[in-house]
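Letters A, B, ... are given to chains in the order of the sequence lines, protein chains preceding strands, and every chain is numbered from 1. Every heavy atom of this structure was used, including side-chain atoms; hydrogens, water molecules and symmetry mates were not.
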Amino acid sequence: MFVQTHLRALNSQSAIAKSLVPTTAIPWNTRLRELAKQCLFSEALNLYRRMLRSGQSPNAFTFPFVLKSCASLSLSIAGKLLHGHVLKTGCEPEPFVQTSLISMYCRCSLLENARKVFDENPQSRKLTVCYNALLSGYTLNSKFSDAVVLFCRMREMGVAVSSITMLGLIPGCTVPMYLALGMCFHGCCLKCGLDVDFSVRNCLLTMYVKCGSVEDARSLFDAMPEKGLITWNAMISGYAQNGFPTEVLDLYREMKLIGVHPDPVTLVGVLSSCTHLGAHSVGREVERQIQLCGFDLNPFLKNSLINMYARCGNLVKAHEIFDSMPEKSIVSWTGVIGGYGVHGHGEIALQLFEEMIKTGIRPDKTVFVSVLSACSHSGMTDKGLEYLSAMQHKYGLQPGPEHYSCVVDLLGRAGRLKEAEDLIRLMPIRPDGAVWGALLNACKIHKNVKLAELAFEKVIELEPANIGYYVLLSNIYSDAENLEGVLKVRVMMRERQLKKEPGCSYVEFSGKVHVFLAGDRTHPQTADIYGMLNELESSVKELVGSNGEDRKRWKNEEQLLGEGVHSEKLAIAFGLLNTSPGTEITVIKNLRACEDCHLFIKLVSGIVDRKFVVRDATRFHHFKDGVCSCRDYW
DNA sequence: CTAGGGTTAG
């Protein structure tokens, strides 16, 4: 529809013929430039149509703006027509027009047309700007090797390299494979003195970030005497993308302290870090900031807020924001679906998924990860299998390892270990560590030492440095009272020089984060906390005595105390000390929550009038009145 | 011709 309107407009070539009418193009061009500058591209094209209709002939100062509008809207056919107009008016040799044409074709992914324009004009082969246009076009269309070849030719021909040349080239090095080449470009920038350019530095910073070299990015960042908003944003989102949420929050604080005002891009990075940390209060603060700055309607931010609230357990708020969105993208849907799923409301998650399909959105691979994990969290095993099949046959999506790991988890938690193992063997793609890891985890739950040994062997082949799997196997041996096995794993870990990351838990309380390590005695309330724990433990022991099932799971307390009191227990006691009855206490643990602590907290929740939410590395546990929401766990 | 942005599981 849209394209056709423009085509019709541009087809009125008669206007070109009428171009003898002696009026001036200057006011038209001025207005066109304004519209293009404000990104009002379809209005610019409309204006161009009016210009032709009124008999005014376009000139070399008209085309750059109109071509840019076409390029931004990816209107390739209209762009070709415009090329015809250019030829008719004979202003093709103008460098402005040349670069606009090349860029237009590149943005429409018509690289051959772009190359033709470049090749057919001998003068353009001497101009930096024309090389720049084609170079960035190649990079944009993932033809990075062509860009590099052109860059080499440019240098051979002795054409001057500008900062914009580097800006077209460097974004091609955003995968680790090309980092070495990117570092050569960095050297090239230094040699040519282009590194003083603000944009070039920001671009290099982003390159390091995208390649995962966060340290290199940081040293570049620190070395920049003045930092613009984009610099801060590049570093903040760089940390966010590479999984350094605490660094994000630190940098955000620092940035505000210096007086740099955040924009939506900054806040998206900050919110995603809040999501990963479960930092509810910082997240709420960011929401206030969003309202204060008037960014309320930004859909990116709304999606980030949905995710943040959903992850922090405020599903009501997440749903509210979701409802407030006039246009819900698949990311918005994925956010709420994942939110309900992860908190054990699998039925609602699936209902939402079906609703999404009804609105005509095509599901993607990511939303299926949320759907499958929702099934796993709520123990809806067969439903999950149905969705895996629907994903392939109904929606034509090839499941990736991330989907298989969810399904292995799903089957494994349900105790269907044989099926899980068969699935791995039959899956058409190579399983990754997470797939075997999910099986290993299932072996822990269902105490299957033999299969665990197999899963461990496979998983360690793929991720030899992942400590979590060694700990898991060691715990499986320890459950089976296989001391030899435990020692074997310990030796293996020592040989490979792997150290267990200390477990820690934290609670947000009155705007501060209180962190506890196992056996921690550094907190100012230590005495009260241990006093509280002693009391709770004696009450809980009585309860265990009266319940057969729990007694089976209850281990010797001394065994636990070997490493000091577990951090989640300390956090729970701290929360109890500082809150009044009826409140909800959220504890976040960096590793997996301990099985015995899980039972302990469950029982405590039956004694005291509190709701506990424990978030560990893999899932959420909601405890209330002596019951835990995760039906399928342990 | 030109630098920064959203989702997932284990």
**Request:** Kindly state whether the pair A:F300 / B:dG5 counts as stacked, where counting means centroids closer than 5.5 Å and planes tilted less than 30° apart.
**Result:** yes
**Prompt:** Who pairs with A:Y395 by ring pair (Phe, Tyr, Trp, His ring centres under 6.0 Å), at least two apart in sequence or on another chain?
**Reply:** A:F368
**Request:** Measure the distance from CE on A:M356 to P on B:dT7 and round it to the nearest whole Å.
**Result:** 17 Å
**Asked** OP1 or OP2 of B:dG6 less than 4.0 angstrom from a side-chain nitrogen or oxygen of A:R311, does that happen here?
**Response** no
Validation: residues 226-234 of chain A side-chain donor-acceptor distances under 3.5 Å, sequence neighbours left out:
unit_1: A:K227; atom_1: NZ; unit_2: A:F221; atom_2: O; d: 3.4
unit_1: A:K227; atom_1: NZ; unit_2: A:M224; atom_2: O; d: 2.9
unit_1: A:T231; atom_1: OG1; unit_2: A:N202; atom_2: OD1; d: 2.9
unit_1: A:T231; atom_1: OG1; unit_2: A:G228; atom_2: N; d: 3.1
unit_1: A:T231; atom_1: OG1; unit_2: A:G228; atom_2: O; d: 3.4
unit_1: A:N233; atom_1: OD1; unit_2: A:T266; atom_2: OG1; d: 2.7
unit_1: A:N233; atom_1: ND2; unit_2: A:D263; atom_2: OD1; d: 3.1

**Prompt:** What residues form a side-chain hydrogen bond (donor to acceptor under 3.5 Å, both in side chains) with A:D222, not counting sequence neighbours?
**Reply:** A:R218
**Prompt:** Is any side-chain N or O of A:R201 closer than 4.0 Å to OP1 or OP2 of B:dT2?
**Reply:** no
**From A:R311 atom CZ to A:L277 atom CG, the distance as rounded to the nearest 0.5 Å** = 11.5 Å
**Rounded distance in Å - CZ (A:F353) to P (B:dT8)** = 17 Å
**Request:** Classify the nucleic acid contact of A:S272 as base, sugar-phosphate or nothing, counting any heavy atom under 4.0 Å across all strands shown.
**Result:** sugar-phosphate
**Item:** Interatomic distance where NZ belongs to A:K365 and C1' belongs to B:dT8 [whole Å]
**Value:** 12 Å
**Prompt:** Mind checking whether A:F151 and A:Y131 have ring centres under 6.0 Å apart?
**Reply:** no
**Request:** From the options B:dT8, B:dG4, B:dA3, select the nucleotide whose nearest atom is closest to the side chain of A:L167.
**Result:** B:dA3
**Request:** Compare the minimum distances between each of B:dG5, B:dA9, B:dT7 and the side chain of A:S237, then state the nucleotide with the smallest one.
**Result:** B:dG5
**Prompt:** Can you tell which of B:dG4, B:dT8, B:dG10 lies closest to the side chain of A:S370?
**Reply:** B:dT8
**Asked** With a 4.0 Å cut-off on heavy atoms, is A:N298 in touch with a base, just the backbone sugar-phosphate, or nothing at all?
**Response** base
**Request:** Could you list by number each residue of residues 331-338 of chain A showing a heavy-atom separation from DNA chain B of less than 4.0 Å, or answer none if no residue does?
**Result:** A:V331, A:T334
**Message:** Can you identify which nucleotide, out of B:dC1, B:dG10, B:dT8, has its nearest atom closest to the A:E402 side chain?
**Reply:** B:dT8
**Fill in**
When rounded to whole Å, the CG to P distance for the pair A:L439 and B:dG10 reads 14 Å
**Request:** Could you check how far CZ of A:F63 sits from P of B:dC1, rounded to whole Å?
**Result:** 15 Å
**Message:** What I want to check is whether the side chains of A:S332 and A:K302 have a donor and an acceptor closer together than 3.5 Å.
**Reply:** no
**Request:** Taking only the side-chain nitrogens and oxygens of A:Q241, find out if one of them lies under 4.0 Å from OP1 or OP2 of B:dG6.
**Result:** yes
**Request:** Using whole Å, report how far CE of A:M104 lies from C1' of B:dT2.
**Result:** 19 Å
**Request:** Would you kindly give the CG-to-P distance between A:N441 and B:dA9, to the nearest whole Å?
**Result:** 14 Å
**Request:** Look at the side chain of A:S136 and decide which nucleotide, out of B:dT7, B:dC1, B:dG4, has an atom nearest to it.
**Result:** B:dC1
**Prompt:** Using a cut-off of 4.0 Å on non-hydrogen atoms, how would the nucleic acid contact of A:S103 be classed: base, sugar-phosphate, or nothing?
**Reply:** sugar-phosphate
**Message:** Need one value for A:K227: base, sugar-phosphate or nothing, where a base atom within 4.0 Å counts as base even if backbone is also close, heavy atoms only.
**Reply:** nothing
**Request:** Would you indicate what A:P264 reaches in the nucleic acid, counting non-hydrogen atoms under 4.0 angstrom: base, sugar-phosphate, or nothing?
**Result:** base
**Asked** Is the shortest side-chain N/O distance from A:K328 to OP1 or OP2 of B:dG6 below 4.0 Å?
**Response** no
**Request:** Under the salt bridge (Lys or Arg N to Asp or Glu O under 4.0 Å) rule, collect the residues that match up with A:K317, sequence neighbours excluded.
**Result:** A:E287
**Asked** Can you list the residues that meet the ring pair (Phe, Tyr, Trp, His ring centres under 6.0 Å) rule with A:H343, with sequence neighbours excluded?
**Response** A:F620, A:H622
**Side-chain donor-acceptor pair present, A:N307, A:T275, cut-off under 3.5 Å** = no
**Request:** Report which part of the nucleic acid A:D263 touches: base, sugar-phosphate, or nothing (heavy-atom distance under 4.0 Å, all strands).
**Result:** base
**Asked** Of the nucleotides B:dA3, B:dC1, B:dG6, which one has an atom closest to the side chain of A:C203?
**Response** B:dA3
**Asked** For A:K302 and B:dG5, what is the distance between atoms NZ and P respectively, to the nearest whole Å?
**Response** 23 Å
